[in-house]
**Q** 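This is the structure I have questions about; it appears just below.
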2 protein chains.
Amino acid sequence: MEVKLPTFDSVFSIDCVIFGFEAGELKILLIERNEEPFKDWLALPGYIVEQDESIDNAAERILYELTGLRDLHMQQFHTFGEVNRHPQGRVITVAYYALIRINGQKEVKPVTQYAKSAFWHPVNDLPKLAFDHSEIFTTGFNKIKRRLNYQPIAFELLPEKFTLTQLQSLYEAVMNKKLDKRNFRKKMLSYGFLKELDEKQKGVSYRAAKLYKFDRRKYTKIFQNDLIADKAGV
Amino acid sequence: MEVKLPTFDSVFSIDCVIFGFEAGELKILLIERNEEPFKDWLALPGYIVEQDESIDNAAERILYELTGLRDLHMQQFHTFGEVNRHPQGRVITVAYYALIRINGQKEVKPVTQYAKSAFWHPVNDLPKLAFDHSEIFTTGFNKIKRRLNYQPIAFELLPEKFTLTQLQSLYEAVMNKKLDKRNFRKKMLSYGFLKELDEKQKGVSYRAAKLYKFDRRKYTKIFQNDLIADKAGV
DNA sequence: ATATAGTGTGTCAGATTTACACCATTAAAT
DNA sequence: ATTTAATGGTGTAAATCTGACACACTATAT
């Protein structure tokens with residue numbers, strides 16, 4: 001069964017690669033599609049941009065409708081414009097990523113009928129995705145891998161208060177390699193934008209680690225000279 | 001006089017920021033528009049994407065039509081999708097940059113009527129541009145500033161054979177700061193991807209400098225481990 | 001009390017980065 | 001022939017950063 005697209009000459013869409021970090025694993029949000037084409041396939045959350053909304057606003061709206069998530073800091077990273085990337089017509093898609101704290105989020109679930117479900121899936125074991133979404137994911141993943149080294153994006157994935165070990169294991173998960181504990185701590189602390197709290201980790205059956213917090217004010221003060229304002233997050 | 005846009009529901013366009021280096025200055029290509037809106041204004045080369053061409057192909061075609069330049073390595077860098085960025089309707093534009101050798105290029109000139117003329121203009125002294133093109137330029141400029149430090153893009157701006165002083169002055173022009181000559185040379189040569197030629201500079205009234213050539217084969221060999229394949233040029 | 005599991009810490013060697021100044025070469029001017 | 005003007009080309013030492021590496025401490029569970 002084929003459902004016709006609206007009769008636009010050109011259609012824009014947004015696709016979102018939403019990263020989260022849980023149980024030591026990096027994950028992304030997928031949805032199960034409820035519409036042709038690719039009905040029942042897994043896909044990145046994405047949909048068509050309306051005439052009267054900016055693409056940044058569209059990205060927020062669409063993500064909300066498909067997953068129930070709001071107020072993420074979405075960042076555009078690439079636009080995919082092959083002629084035949086959509087089987088039913090010409091659809092150019094602008095891809096966005098965002099990083100969020102999974103813990104403490106209410107469960108993700110679609111608020112429209114376009115998706116049957118939404119869920120977190122580890123990036124290391126992704127199934128085949130609808131359209132060219134596997135390629136979109138890979139491009140986005142490479143982007144954040146690089147960005148991790150010069151932008152404070154790690155902190156968006158962690159709870160507000162975190163231990164240095166958690167921070168390290170996030171870096172290890174994204175970069176997919178082991179880091180030296182002492183060197184990692186020395187370096188992170190040397191930047192001066194981590195604030196040591198008077199609190200300790202709770203509920204562990206071993207020596208509790210100190211908790212830290214990312215101090216964005218200090219970060220921008222320290223790095224303001226290096227920062228080149230740029231739509232694409234530098 | 002207002003010319004109506006074609007009755008697309010949505011229109012895609014491409015805008016190009018084409019960098020060149022001449023007389024120690026970084027320049028970009030501008031056109032003088034020959035159509036409403038913004039008739040007679042200066043603008044980035046840009047036009048509408050056809051239904052049956054990928055955006056990458058469209059970028060090449062459009063640049064050719066407006067400037068006569070062909071076969072540049074165009075790189076997408078950002079998509080601009082504010083609702084009112086175009087006064088006559090909804091136009092989302094994908095911005096590309098490219099770097100080229102000005103010297104030795106035949107003169108740039110439009111092959112369609114959409115532009116009256118095309119010419120190089122120093123980036124340090126840009127006039128107000130049509131649409132949001134000033135913003136597009138700035139975003140693109142910041143992109144290449146960063147990229148200069150981890151991608152071999154400088155060599156695309158220089159003639160095939162160049163002196164180390166030329167290379168340095170290009171870096172200085174892009175980064176807008178002075179570099180130390182000895183350190184710059186030591187570092188560049190240490191990478192091992194510059195090939196020293198048996199030739200010297202000609203036609204100067206002082207000691208002629210050695211000429212070098214960028215060896216792309218060596219470059220990729222040396223850096224293949226660091227490279228993360230990525231649509232956006234890493 | 002002791003076993004367990006993860007926390008938290010310092011040093012040294014090697015590599016990289018930065019700062020810094022003078023003689024060499026060429027063509028043009030005298 | 002000599003001088004001048006302009007740029008080419010080179011080395012070293014100090015400071016900083018990076019990477020490798022191992023063990024005692026602490027909180028809890030039993």
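Just so it is clear: chains get the letters A, B, ... in the order the sequence lines come, proteins before strands, and each one is counted from 1.
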**Q** I'd like to check the side chain to side chain contact (heavy atoms under 4.5 Å, CB included) partners of Ala58(A); sequence neighbours left out, ordered by chain and number.
**A** Ile14(A), Val49(A), Glu53(A), Ile62(A)
**Q** Give every residue pair that meets the salt bridge (charged side-chain N to carboxylate O under 4.0 Å, His left out) criterion with at least one member in residues 158-168 of chain B, sequence neighbours excluded.
**A** Glu160(B)-Lys213(B), Lys161(B)-Glu199(B)
**Q** Distance under 4.0 Å to a non-hydrogen atom of chain A counts as contact; along DNA chain D, which nucleotides mark the start and end?
**A** dT18(D) to dA29(D)
**Q** Taking distance alone, no hydrogens or angles, what donor-acceptor pairs closer than 3.5 Å link side-chain atoms of residues 17-30 of chain A to residues at least two apart or in another chain?
**A**
residue, atom, partner, partner atom, Å
Glu22(A), OE1, Lys27(A), NZ, 2.9

**Q** Report which part of the nucleic acid Thr165(A) touches: base, sugar-phosphate, or nothing (heavy-atom distance under 4.0 Å, all strands).
**A** sugar-phosphate
**Q** Want to settle it: does Ala208(A) or Gln166(B) sit nearer the 5' end of DNA chain D, counting the closest nucleotide to each?
**A** Gln166(B)
**Q** Suppose we screen for side chain to side chain contact (heavy atoms under 4.5 Å, CB included). Which residues come up paired with Lys202(B), at least two apart in sequence or across chains?
**A** none
**Q** Give me each pair satisfying salt bridge (charged side-chain N to carboxylate O under 4.0 Å, His left out) with a member in residues 66-77 of chain A, each pair once, sequence neighbours excluded.
**A** none
**Q** Could you list by number each residue of residues 172-188 of chain A showing a heavy-atom separation from DNA chain D of less than 4.0 Å, or answer none if no residue does?
**A** Asp180(A), Arg182(A), Asn183(A), Lys186(A), Lys187(A)
**Q** What are the residues of residues 194-206 of chain B, sorted by number, that bring a heavy atom to within less than 4.0 Å of DNA chain D?
**A** Tyr206(B)
**Q** Under the ring-ring contact (aromatic ring centres under 6.0 Å, His included) rule, collect the residues that match up with Phe131(A), sequence neighbours excluded.
**A** Phe38(A), His86(A), His133(A)
**Q** Using the side chain to side chain contact (heavy atoms under 4.5 Å, CB included) criterion, which residues pair with Ala208(A)? Sequence neighbours excluded.
**A** Lys200(A), Gln201(A), Val204(A)
**Q** Which residues satisfy the ring-ring contact (aromatic ring centres under 6.0 Å, His included) test with Phe119(B), sequence neighbours excluded?
**A** none
**Q** Can you list the residues that meet the side chain to side chain contact (heavy atoms under 4.5 Å, CB included) rule with Arg185(A), with sequence neighbours excluded?
**A** Leu164(A), Thr165(A), Lys181(A)
**Q** Without hydrogens or angle criteria, can the side chains of Tyr96(B) and Asp56(B) be said to hold a donor-acceptor pair below 3.5 Å?
**A** yes
